[in-house]
A.B. asks: 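Could you have a look at this structure, given as structure tokens, before my questions?
Worth saying up front: this structure is predicted, and the values here are computed from it rather than measured. Just so it is clear: chains get the letters A, B, ... in the order the sequence lines come, proteins before strands, and each one is counted from 1.
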Protein chains: 2
Amino acid sequence: MPAGNPVEVWRRSEHAAVGPKPEHSRDGIAAAAVQIADQEGMAAVSIRRIAAVIGSGAASLYRYVKSRDELVELMIDRVSGEYSLDASEGPPLTRLLNLAREGRGLMHRHPWLAPLLLTQPSMGPHSLAYLEHALSALKNVDMPGPVKLQTIAMMTAITSAFVQNEMAAAPMEETSDGGHAPRLQRLVEAVQTGRYSLLAVAISEAPPQFDAEATFAGVITNYLSGAGVPSDAEWEATAHDQPGL
Amino acid sequence: MPAGNPVEVWRRSEHAAVGPKPEHSRDGIAAAAVQIADQEGMAAVSIRRIAAVIGSGAASLYRYVKSRDELVELMIDRVSGEYSLDASEGPPLTRLLNLAREGRGLMHRHPWLAPLLLTQPSMGPHSLAYLEHALSALKNVDMPGPVKLQTIAMMTAITSAFVQNEMAAAPMEETSDGGHAPRLQRLVEAVQTGRYSLLAVAISEAPPQFDAEATFAGVITNYLSGAGVPSDAEWEATAHDQPGL
DNA sequence: CTTAATTACGAACAGTGTTCGCAATTAAGG
DNA sequence: CCTTAATTGCGAACACTGTTCGTAATTAAG
């Protein structure tokens, strides 16, 4: 790892004034990488693999990107472009909740995203546009700017955590390991030792019908309320500038 | 990646009846790995590096562990042993909050932990003991067992997300990349483009005094309440079996 | 004392990210 | 138009990585 912080990709211009025109583009490379990650998981995303997909030599990629981490940054920003950021009106909480819902969908569509969003910062144009949009939802809310940013960051973090929890409990037939049958087997064996008596009764009970979507909405709404975002009712009751203009 | 699910480490006994006694132990290996990760980050934890620390050949480690992933499982369970799970009494919410606080401390002490806890399941003895302890805090709470498990999992997930948010904003002098100065520089450059006007004002405001500990407690308390865990006041008001016996 | 299992490990294999040097290509300057 | 300087594409190589194999040494049981 020779290169510095991966966010520096965005500071270098995509290609110089003189010299031959590049045969590929950052976005094209990111697209190929995303495609591989979607189909075979993040572990399959190697430099040589991407090069093979776009039809070039491996070393050529380093003309577009200075390290693999920068490439990941590109991937994150590319799928962040899938948010539909229509300039909608409405109460802040509802707008943020909708944004979180979209985020959840995104992470389900690209299972590799959730873990990365928690580790990497990501400062690409699409990510910044997302931030800007989330801030616009909080426009007339009485909060210091940095607190707004912190709240938004925490919302996407909780979303990511929730999705990862979902995926850990899901069938996950083809995600590298052979299902989660071994996990269950390990559990019953552990329970049979006698320790973990409470665990024993907890897993013996039948799981109630579980509406993930509703639970998610509850978790997010709950967090936002606690963080100081007014409920829709509170919002409507307040005079907040020109609502219809 | 040849091996199956990493949780299978716990199903194999540590060593066989016949043959020479092993010169090392799983926990010793895990300890070495944790030491390396604490000092130089998770990326520095390689098989050969661990082998060098415990003074053995690289191939020897595969007598104790079938893959690197299993080794990570060992690492997680080892630091999970740092929880102090004293059989305390008290209202469920307070007990869970204290547990989450300890988790936060743990993740600060071992910066590599937070990301892993979100990805890996971890079913080692210490992890299970933690689960059992958390369940004991919810003993007299009216919730289906699986919902309790889900709530606990979500609590540690939120904790992990919170800590990772903390660390992303921290100085992080020595964590591989050279500080987060590039991130700031990238931000101001992006803001200067004119897009992101709301972002511009948000970061221009001075950050208010920020008590991370208090904020964390608020987030966790808020989540737990929303998930159905009674507040301390509600708990005291309820008749819940023998409180002093 | 033999037998069978188990350990430790050097060597090798396939794969990774990354660097180097060189030929080919292009835009600008005279 | 031709030179010059920059830039692109990329094969080859380097330093790693996780993992497997075969072999020699060690041990408990029969």
A.B. asks: To the nearest Å, how far apart are B:I50 CD1 and D:dC16 P?
C.D. replies: 17 Å

A.B. asks: Please give, in whole Å, the distance from D:dT8 P to A:K66 NZ?
C.D. replies: 14 Å

A.B. asks: Please figure out whether B:G57 or B:V18 has its closest DNA chain C nucleotide nearer the 5' end.
C.D. replies: B:V18

A.B. asks: Describe the nucleic acid contact of A:V45 in one word from base, sugar-phosphate, nothing, applying a heavy-atom distance below 4.0 Å.
C.D. replies: sugar-phosphate

A.B. asks: Looking only at non-hydrogen atoms, find the nearest pair between B:S67 and B:V65 and report the distance.
C.D. replies: O-CG1, 3.0 Å

A.B. asks: Between A:G55 and B:A44, who's closer to the 5' end of DNA chain D by nearest nucleotide?
C.D. replies: A:G55

A.B. asks: Just N and O in the side chain of B:S46: are any of them under 4.0 Å from OP1 or OP2 of D:dT17?
C.D. replies: yes

A.B. asks: Rounding to a whole Å, what distance do you find between B:E14:CD and C:dT7:C1'?
C.D. replies: 14 Å

A.B. asks: Could you grab the distance from atom CZ of A:R26 to atom CZ of A:R78, nearest 0.5 Å is fine?
C.D. replies: 14.5 Å

A.B. asks: Answer whether the closest heavy-atom distance between the side chains of B:E132 and A:R195 falls below 4.5 Å.
C.D. replies: no

A.B. asks: Starting at atom NE2 of B:H24, determine the distance to atom C1' of C:dC9, rounded to an integer number of angstrom.
C.D. replies: 11 Å

A.B. asks: Considering only D:dG9, C:dG10, C:dT18, which nucleotide approaches the side chain of A:R68 most closely?
C.D. replies: C:dT18

A.B. asks: Are B:S56 and C:dA8 close enough that a side-chain N or O sits under 4.0 Å from OP1 or OP2?
C.D. replies: no

A.B. asks: To the nearest Å, give me how far apart CG (B:L61) and C1' (D:dC21) are.
C.D. replies: 17 Å

A.B. asks: Would you mind reading off the distance between A:H15 atom NE2 and C:dT25 atom C1', rounded to a whole angstrom?
C.D. replies: 13 Å

A.B. asks: Given C:dC20, is OP1 or OP2 found less than 4.0 Å from the side-chain N or O atoms of A:Y62?
C.D. replies: no

A.B. asks: Closest to the B:P20 side chain: C:dC9, D:dT27, C:dC20?
C.D. replies: D:dT27

A.B. asks: Output yes when at least one side-chain N/O atom of A:K21 is less than 4.0 Å from OP1 or OP2 of D:dT7, else no.
C.D. replies: no

A.B. asks: Less than 4.0 angstrom between a side-chain N/O of A:R63 and OP1 or OP2 of D:dG9, yes or no?
C.D. replies: no

A.B. asks: For C:dG17, does the base pair up with any side-chain atom of A:R48 as donor and acceptor (N or O, under 3.5 Å, distance only)?
C.D. replies: yes

A.B. asks: Expressed as a whole number of angstroms, how long is the span from A:R49:CZ to C:dT18:P?
C.D. replies: 18 Å

A.B. asks: Would you mind telling me which of D:dG9, C:dA8, D:dG11 lies closest to the side-chain atoms of B:Y64?
C.D. replies: C:dA8

A.B. asks: Between P on D:dT17 and CD1 on A:I47, what's the gap in Å once rounded to a whole number?
C.D. replies: 18 Å

A.B. asks: Does the structure place the NZ or CZ of A:R104 under 6.0 Å from the centre of the six-membered ring of A:F216, at an angle of no more than 45° from the ring's axis?
C.D. replies: yes

A.B. asks: Any donor-acceptor pair under 3.5 Å linking the side chain of B:D77 with the backbone of B:S127?
C.D. replies: yes

